[in-house]
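Working notes for the structure below.
These figures come from a predicted structure and were not determined experimentally. Chain identifiers are assigned alphabetically (A, B, ...) following the order of the sequence lines, protein sequences preceding nucleic acid strands; residue numbering begins at 1 within each chain.
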Amino acid sequence: MVKWYPTEDVQKVRVKRANKPARLRGGVSPGQILILLAGKHQGKRVAFLKQLESGLLLVTGPYKLNGVPLKRVPQAYTVPTSTKIDISGSDFSKVTDAYFAKEKENTKKTEEAFFAPKKEKKPFSDAKKAMQKSVDAGIVNKVADPVVKKYLKTKFRLRNGMFPHTLKF
Amino acid sequence: MAQARFVEIGRVAYVNFGPESGKLCVIVDVVDAKRALVDGPTTGVTRQQMPFSRISLTEFVLPVKRNQKSANVAKCFDEHEIIKKWNASHAGKHVASALRRASLTDFERFKLMVAQKKKSLLVKKEMKKIKPKH
């Protein structure tokens, strides 16, 4: 039997499904050490705090150890290691996607504004510095082993004979 | 040449690659110039032909007869405690350490690197004392 077609083309109603946030992969859990693969902090080993609503991972260096601040990182740009540190002493519940939103500037797009000298870069807000300090304090104090501290300070590096597909992390 | 290891009936061999890689077996017969009949009943190698290219000869030889039954090969293998001797031998230790190295985690590799640096620093210090200054 030939399939029946209506005379006029009928649009197929597609149900729009909300995007689910990315699944946390690799058995990653809070406190796990991740290696960042891209960006300014390539190769640095950082502590994973939690997965944000957008699916991005919230990580921190801690800042004192390797200069990585509270940062959002997509999962694809990290490699999870099997090492975990204790982050139960730090409170980062207030850090959400909204924390990282850019401050909106009320500038009118006028000709004068276009030719005006560029504004200076805004300094890093004190509130954010305070948040960084409070989150990191709970983590760094609990790292008792100086080797682990050194481990977080050192960058991951591939050397001759190291092949990522054979390495165990 | 006095220390050369020969392919002979009873020679214990280590399988380097293939489905039986990592296991010890005993050469029980020689098929042709390229293959042997091996058997490792206690080590999990079923009696099969094995190309010589896949195996390395160990220093151990068992008093096994040509085409001896698997059960008797197993008995001989256990009597001579080959696995214990292999684990204590230089080659056996090397294989074990290579496996350990391959299974190191990122943190363990880091600790190894730190230990290696410490060791080389000590060695360099001692070398400086011995070597005449230019």
(request) Using non-hydrogen atoms and a 4.5 Å limit, figure out which bit of Leu167(A) sits close to chain B: side chain, backbone, both or neither. (result) both
(message) Quick check: do Phe107(B) and Val147(A) have side-chain heavy atoms less than 4.5 Å from each other?
(response) yes
(message) Assigning hydrophobic clusters by single linkage (Ile, Leu, Val, Met, Phe, Trp, Tyr; side-chain heavy-atom cutoff under 4.5 Å), is Phe92(A) placed with Val140(A)?
(response) no
Write out the donor-acceptor pairs between chain B and chain A under 3.5 angstrom, atom names and distance to 0.1.
| residue | atom | partner | partner atom | Å |
| --- | --- | --- | --- | --- |
| Ser103(B) | O | Lys168(A) | NZ | 3.3 |
| Asp106(B) | OD1 | Arg45(A) | NH2 | 3.2 |
| Asp106(B) | OD2 | Arg45(A) | NE | 2.9 |
| Asp106(B) | OD2 | Arg45(A) | NH2 | 3.3 |
| Asp106(B) | OD2 | Tyr151(A) | OH | 2.6 |
| Arg109(B) | NH2 | Lys168(A) | O | 2.2 |

(message) With a 4.5 Å cut-off on side-chain heavy-atom distances among I, L, V, M, F, W and Y, is there a chain of contacts connecting Leu158(A) to Phe169(A)?
(response) yes
(message) Under 4.5 Å between side-chain heavy atoms, counting indirect links through other Ile/Leu/Val/Met/Phe/Trp/Tyr residues: same cluster for Val79(A) and Phe156(A) or not?
(response) yes
(message) Please determine whether residues Ile33(A) and Leu24(A) belong to a single hydrophobic cluster, defined as Ile, Leu, Val, Met, Phe, Trp and Tyr linked transitively by side-chain heavy-atom distances below 4.5 Å.
(response) no
(request) Step through the shown structure and confirm whether more than 12 heavy atoms of other residues, nucleotides or ligands are within 6.0 Å of CE on Met127(B). (result) no
(message) Are Val28(B) and Val12(B) linked, directly or through intermediate hydrophobic residues, by side-chain heavy-atom contacts shorter than 4.5 Å (ILVMFWY only)?
(response) yes
(request) Please list, in residue-number order, every residue in residues 69-93 of chain B that has a heavy atom less than 4.5 Å from any heavy atom of chain A; write 'none' if there are none. (result) none
(message) Given heavy-atom pairs under 4.5 angstrom as the criterion, report whether the side chain, backbone, both or neither of Val148(A) touches chain B.
(response) both
